[in-house]
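What follows is a short report on a single structure.
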Amino acid sequence: MAWLTAIVLFAEAIGIALVNWYMGIVVDRQDMSLAGLDPAVMSTSSKVAGLVFGLYFAFCAVVALRVGLRGRAPSGPGRLLLLSAAVVHGLLGAFTVGLVGWGAFAFMMVVLALIVLVLVSYDPRETAVSDAKADGGPAGDGPADGGPTDGGPTDAAGDEAAGGGKGAAPVGPPAPTAP
């Protein structure tokens, strides 16, 4: 899914950049002013906006590609970038219904769905465990593997002593027994 999302986002990055570049050329050739704005400024700003949005979607595609290559959930700035791209596609979808039509809306919603699938398809807890194992931590001693949470005191069986670990669950009274 991440691979398909990366391909779609790369295509969208190129498409956005080319459409805005073309609009800049059209505005420049018409040599008309809009509310007193200089046509050269409008042309340049359209081209710059196309390049900025193209790079933005290309970075989103790189994050999706990296998710596909690593097989792990995006984290940190990459996750925030994909979240912002999902919001942008939701807003663009809402605007395109009135401006372009239902076909463009459907495309925006498909891209939104792909981005959301990339964000929710991978378990971030598995990412944290695999990161700990990749950093040299032995397998089986993290909280996800049933081991101690912070290296706190343990009893003879290797279990954490009552209240010994930071993340340890509170220990209640023993269960009643039948007489």
Legend entry - Remaining members of the apolar cluster that contains V48, side-chain heavy atoms under 4.5 Å: V52
Inset, instruction - Give every residue pair that meets the ring-ring contact (aromatic ring centres under 6.0 Å, His included) criterion with at least one member in residues 39-69, sequence neighbours excluded. - result: F57-H89
Inset, instruction - Report whether V97 and V110 are members of the same hydrophobic cluster (ILVMFWY, side-chain heavy atoms less than 4.5 Å apart, transitive linking). - result: yes
Legend entry - For L18, the rest of its hydrophobic cluster, which grows through side-chain links under 4.5 angstrom: I14
Inset, instruction - Using the test ring-ring contact (aromatic ring centres under 6.0 Å, His included), find all partners of F105 that sit at least two apart in sequence or belong to another chain. - result: W102
Inset, instruction - Check whether any side-chain heavy atom of L117 lies under 4.5 Å from a side-chain heavy atom of T5, and answer yes or no. - result: no
Inset, instruction - Indicate if M1 and M109 have the same hydrophobic cluster label, given that clusters are the connected sets of ILVMFWY residues with side-chain heavy-atom separations under 4.5 angstrom. - result: yes
Legend entry - Expected output: side-chain S43 to main-chain P39 donor-acceptor under 3.5 Å: no
Inset, instruction - Could you list the residues that satisfy side chain to side chain contact (heavy atoms under 4.5 Å, CB included) with A104, not counting sequence neighbours? - result: T96, V100
Inset, instruction - For residues L9 and A61, report the shortest heavy-atom separation together with the two atoms involved. - result: CB-CB, 3.6 Å
Legend entry - N20 side chain reached by M23 side chain, heavy atoms, under 4.5 Å: yes
Inset, instruction - Flag yes if V116 and V63 sit in one hydrophobic cluster, no otherwise; membership is Ile, Leu, Val, Met, Phe, Trp, Tyr, and two members link when side-chain heavy atoms are under 4.5 Å apart. - result: yes
Legend entry - Non-hydrogen atoms of A64 and A2 that approach each other most closely: O-CB, 3.4 Å
Inset, instruction - Without swapping roles, check the side chain of S84 against the backbone of L81 for a donor-acceptor pair under 3.5 Å. - result: yes
Legend entry - side-chain hydrogen bond (donor to acceptor under 3.5 Å, both in side chains): pairs with one or both residues in residues 103-118, sequence neighbours excluded: none
Inset, instruction - Answer whether the closest heavy-atom distance between the side chains of K47 and I25 falls below 4.5 Å. - result: yes
Inset, instruction - Check the hydrophobic clustering (I, L, V, M, F, W, Y; side-chain heavy atoms under 4.5 Å; chains of links allowed) and say if V88 and L112 are grouped together. - result: yes
Inset, instruction - Grab the two heavy atoms, one from A13 and one from A58, that are nearest each other, plus how far apart they are. - result: CB-N, 3.7 Å
Inset, instruction - Let me see the working for C60 and L82 under side-chain contact (heavy atoms from CB on, under 4.5 Å), right down to the final yes or no. - result: CA-CA 6 Å; C60 292; L82 286 179; 4.3 Å; yes
Inset, instruction - Compare every heavy atom of P74 with every heavy atom of L119, then report the nearest pair and how far apart it is. - result: CD2-CG, 4.1 Å
Legend entry - M108 and F95: CA distance, side-chain angles, deciding distance, side-chain contact (heavy atoms from CB on, under 4.5 Å) verdict: CA-CA 10 Å; M108 286 295 153; F95 290 134; over 6 Å; no
Inset, instruction - Could you tell me whether a side-chain N or O of S45 sits under 3.5 Å from a main-chain N or O of M42, the two making a donor and an acceptor? - result: yes
Legend entry - Connected via hydrophobic side-chain network under 4.5 Å: F10 and L114: no
